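What follows is a short report on a single structure.
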Protein chains: 4
Amino acid sequence: MTRERIIAATSKVLAEKGYDATTLREISREAQAAPGLVHYYFGGKDQLLVEVLQEAGQRFNQTMKLLVQEVPADQALDAFLTKLYERVGQEPNVYRLRYESFSLGLHNPLIEPKVRERLAQRREEIGSVMAKVLESDTKGSAIDPNTLASLLLPLFDGLALQKIMDPTFDLDASYQLLARMLHSLLSHAGE
Amino acid sequence: MTRERIIAATSKVLAEKGYDATTLREISREAQAAPGLVHYYFGGKDQLLVEVLQEAGQRFNQTMKLLVQEVPADQALDAFLTKLYERVGQEPNVYRLRYESFSLGLHNPLIEPKVRERLAQRREEIGSVMAKVLESDTKGSAIDPNTLASLLLPLFDGLALQKIMDPTFDLDASYQLLARMLHSLLSHAGE
Amino acid sequence: MTRERIIAATSKVLAEKGYDATTLREISREAQAAPGLVHYYFGGKDQLLVEVLQEAGQRFNQTMKLLVQEVPADQALDAFLTKLYERVGQEPNVYRLRYESFSLGLHNPLIEPKVRERLAQRREEIGSVMAKVLESDTKGSAIDPNTLASLLLPLFDGLALQKIMDPTFDLDASYQLLARMLHSLLSHAGE
Amino acid sequence: MTRERIIAATSKVLAEKGYDATTLREISREAQAAPGLVHYYFGGKDQLLVEVLQEAGQRFNQTMKLLVQEVPADQALDAFLTKLYERVGQEPNVYRLRYESFSLGLHNPLIEPKVRERLAQRREEIGSVMAKVLESDTKGSAIDPNTLASLLLPLFDGLALQKIMDPTFDLDASYQLLARMLHSLLSHAGE
DNA sequence: GATGAATGAGGATTCATTCAT
DNA sequence: GATGAATGAATCCTCATTCAT
């Protein structure tokens, strides 16, 4: 119970303040728990933060996976993009934690492989969606679904960052153009 | 002279360790300067780091701008992409500082507007390149060059992040597919 | 417990060294406590020192108040002076902290009003004692007890300073002459 | 020339900020002189500040001495008090430096004897004035002029402090009552 | 005579961490 | 299981002081 409160408090503070600026004191205040408890449960600050970030990453991947599976096959591409688009605006904290995770991986050699692995995993998921799309849509396309995924994942993440840093950023227009590009690509892929 | 050494040392440490983990002690050691000098010249740790990040951001934008202008108009698109592609692999630190700047803007309300502004500025530059490309390439295209730029900038940044976090990431393939997508889009834009 | 030790140590060091020359290191050494504890309990150096000085000032006023109340009404004046006289010689540190408080108020706009207020409060107390003395002693005196107090308080403080700075200063003679002056004033006040 | 500017700047900053809070940087800025010059001319911060304080003390004593000598003998007492009274209101900085000097003497064993000496010297001067007053005014008074001076000096200093700390303090009333007390004492001294 | 860049010791402060209860 | 007082290493920062020019 207290453990969960600490994790929730950590997520919140972490998304707001960032890794280093997050203090155990603020977490314990937010969670209404004794400062010493963090060590009792998690062993230390780094362990706690990494665990929370890790978990958030897995939840992110998991949610995205489910989000795709719900989508009917015949309208896969558009539905997929729509889902993603909605998600960015609704849960900015999810993306904030995501960037915190990238930021951490960029400087912490111990965390880096885990982040890299989650990125690869995510590309594969997108790749498998794209595989379906390419299959149903094209006749002998030369497009590799994994390469396409390697283009789409960074694009989604990049777009979300733009939107978070600049609320006036027209995410909608970007997604519409993206949809157009993808359709254009798919319908002429064999040429 | 010493001032420049401090700036150089800061860039290096900052790209390696990240904003918070960067200590004045390490900077002064790397720059072979007295610790107090940072305050003498810059007024404090934050001022120094922000100034360095700011400057790096402006240099980034400036370099990119020049890089575009060198390119002959008739082969604008491919040349443009090629330049960008080369840049990511060659100067990872430039991108590391770039992400550090994003990360800082994400948590520091004072820095955020400056980062946002640089992003907007960069989108405009890419937009003006795209305007040229769209002009020469299409007959009555309905594509807005700025929207296209709003898609390309986050994509470039996102791709660079993938490459930095995962050296085995096939940046080349992604850029080739991107080129294909753009060509496909342009040549059928009026349809 | 530790908190009290820190306060005691602060009083000691403060009286010896003065506000600015007092370091947390010396306080923590004297109190046999960790340096960080000062911030844990008091929030910082200034808060600690101000609190100690404030408290010393209130204790000073309080002690003086009690000291007056113990005195029988018929011998009020002489007894009052005697008490004050004894106090100066016995507890020089009380007066050292008092001057430290004045010194702080002289340069710190935040502290100044508090010091001023304590001075006014003290004058009033002396004034009420003088009111009694004037009542019993005189027939239609034109002497305002508060004005008399406005003369006596600075005189007491000034005399204490002389004594502290110069142990050979003949405080006794001064107090005897003062008593003579007061008696002379009172017995001929109506003239 | 520059030397004088430094001394003037030091007096100003010292009266405002107090001994410890006075920095050479602020002095050099105020005096529009290079920071290194303080050492060039005075040998260091402490030497400069002590010299300035010393000089201010001597000027104080000197001014007071002259002030007394101008006064005609037959109206010595009242004129003397009037002069003092006027001085307090007109030049608060003179008194601020005076208290700074006391404050320094209270904590610095090297300065203390000098301050003590100036106090003694000042008492003697007041004593010699009182000697004249007592002579002309009384028939075989038992009042020691030096003892009286030992009462008056701390009183003057104490009153000035009250006035500086509390601008609403009625210094006028205090001085009038003091005059009354002194006259009362003198005219009945032999009783 | 004068400058101001450079030094480095010493200060306050923060914060993860520990441990007796 | 839980507490929170206490620790102390590490950080930023200030400032008198020096010295080459």
Side-chain angles (χ1 to χ4, degrees), chain A residues 1-3 5-6 19-29 31-49, chain B residues 1-6 20-29 31-49, chain C residues 1-3 5-6 17 20-29 31-49, chain D residues 1-3 5-6 19-29 31-49:
Chain A
M1 196 59 195
T2 304
R3 200 178 188 278
R5 277 214 317 282
I6 291 176
Y19 193 93
D20 295 87
T22 294
T23 66
L24 293 190
R25 185 170 299 182
E26 188 164 2
I27 289 176
S28 65
R29 200 189 321 130
Q32 289 182 314
L37 273 190
V38 168
H39 292 83
Y40 187 76
Y41 282 124
F42 303 89
K45 182 192 178 184
D46 283 357
Q47 283 100 314
L48 167 61
L49 264 59
Chain B
M1 196 60 195
T2 304
R3 211 188 122 99
E4 271 72 29
R5 276 213 318 282
I6 291 175
D20 295 88
T22 293
T23 68
L24 293 190
R25 184 174 301 184
E26 188 162 3
I27 288 176
S28 64
R29 200 192 320 130
Q32 286 183 316
L37 268 191
V38 167
H39 296 85
Y40 182 74
Y41 282 120
F42 303 91
K45 183 191 176 185
D46 282 1
Q47 281 105 311
L48 167 62
L49 265 57
Chain C
M1 196 59 195
T2 304
R3 211 188 121 100
R5 276 212 320 280
I6 290 175
K17 301 289 177 69
D20 295 87
T22 294
T23 67
L24 294 190
R25 185 173 300 184
E26 187 162 3
I27 289 176
S28 64
R29 200 191 321 130
Q32 287 182 317
L37 269 190
V38 167
H39 295 84
Y40 183 74
Y41 282 121
F42 302 90
K45 182 191 177 184
D46 282 1
Q47 282 106 310
L48 167 61
L49 265 58
Chain D
M1 196 62 194
T2 305
R3 200 179 189 277
R5 277 214 317 282
I6 292 176
Y19 194 93
D20 295 87
T22 293
T23 66
L24 292 190
R25 186 169 300 183
E26 187 163 3
I27 289 176
S28 65
R29 201 190 319 130
Q32 289 182 316
L37 273 189
V38 168
H39 292 83
Y40 186 76
Y41 282 124
F42 303 89
K45 181 192 178 184
D46 283 356
Q47 283 101 313
L48 167 61
L49 266 59

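Being a predicted model, the structure only gives us computed values, none of them experimental. Quick note on labels: first sequence line is chain A, next is B, and so on, each numbered from 1.
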Report task. Take atom CD1 of C:Ile27 and atom P of E:dT13, then tell me their distance rounded to the nearest Å. Result -> 11 Å
Requested in this report: Quickly work out the B:Arg29 CZ to E:dG8 P distance and round it to whole Å.
Outcome: 15 Å
Requested in this report: Identify, with sequence neighbours excluded, every residue that meets salt bridge (charged side-chain N to carboxylate O under 4.0 Å, His left out) alongside C:Arg5.
Outcome: none
What N/O pairs connect the protein and nucleotides 14-16 of chain E at under 3.5 Å? Give each pair on its own line.
from	atom 1	to	atom 2	distance (Å)
E:dA16	OP1	A:Lys45	NZ	3.3
E:dA16	OP2	A:Leu24	N	3.0

Report summary line: Taken in chain and number order and not counting sequence neighbours, the residues that satisfy side chain to side chain donor-acceptor pair (under 3.5 Å) with C:Arg25 are none
Query raised in the report: Tell me, which stems hold DNA chain F, with a stem being 3 or more Watson-Crick or G-U pairs in a row and both distances under 3.5 Å?
Result: E:2-21 with F:2-21
Query raised in the report: Can you list the residues that meet the salt bridge (charged side-chain N to carboxylate O under 4.0 Å, His left out) rule with B:Arg29, with sequence neighbours excluded?
Result: none
Query raised in the report: Which residues satisfy the side chain to side chain donor-acceptor pair (under 3.5 Å) test with C:Gln47, sequence neighbours excluded?
Result: none
Report summary line: Closest to the 5' end of DNA chain F, once D:Gln47 and C:Thr2 are matched to their nearest nucleotides, is C:Thr2
Query raised in the report: Yes or no on side-chain contact (heavy atoms from CB on, under 4.5 Å) for C:Leu49 and C:Ile27, after CA distance, side-chain angles and deciding distance?
Result: CA-CA 11 Å; C:Leu49 265 58; C:Ile27 289 176; 4.2 Å; yes
**Report entry** More than 12 heavy atoms from other groups under 6.0 Å of CD on B:Glu4
**Finding:** yes
Query - 5' precedence on DNA chain E between D:Ala34 and C:Val38 (nearest-nucleotide basis) - result: D:Ala34
Query raised in the report: Partners of C:Asp46 by side chain to side chain donor-acceptor pair (under 3.5 Å), sequence neighbours excluded?
Result: C:Tyr19
Query raised in the report: Within the side chain of C:Lys45, is there an N or O that forms a donor-acceptor pair under 3.5 Å with the backbone of C:Thr22?
Result: yes
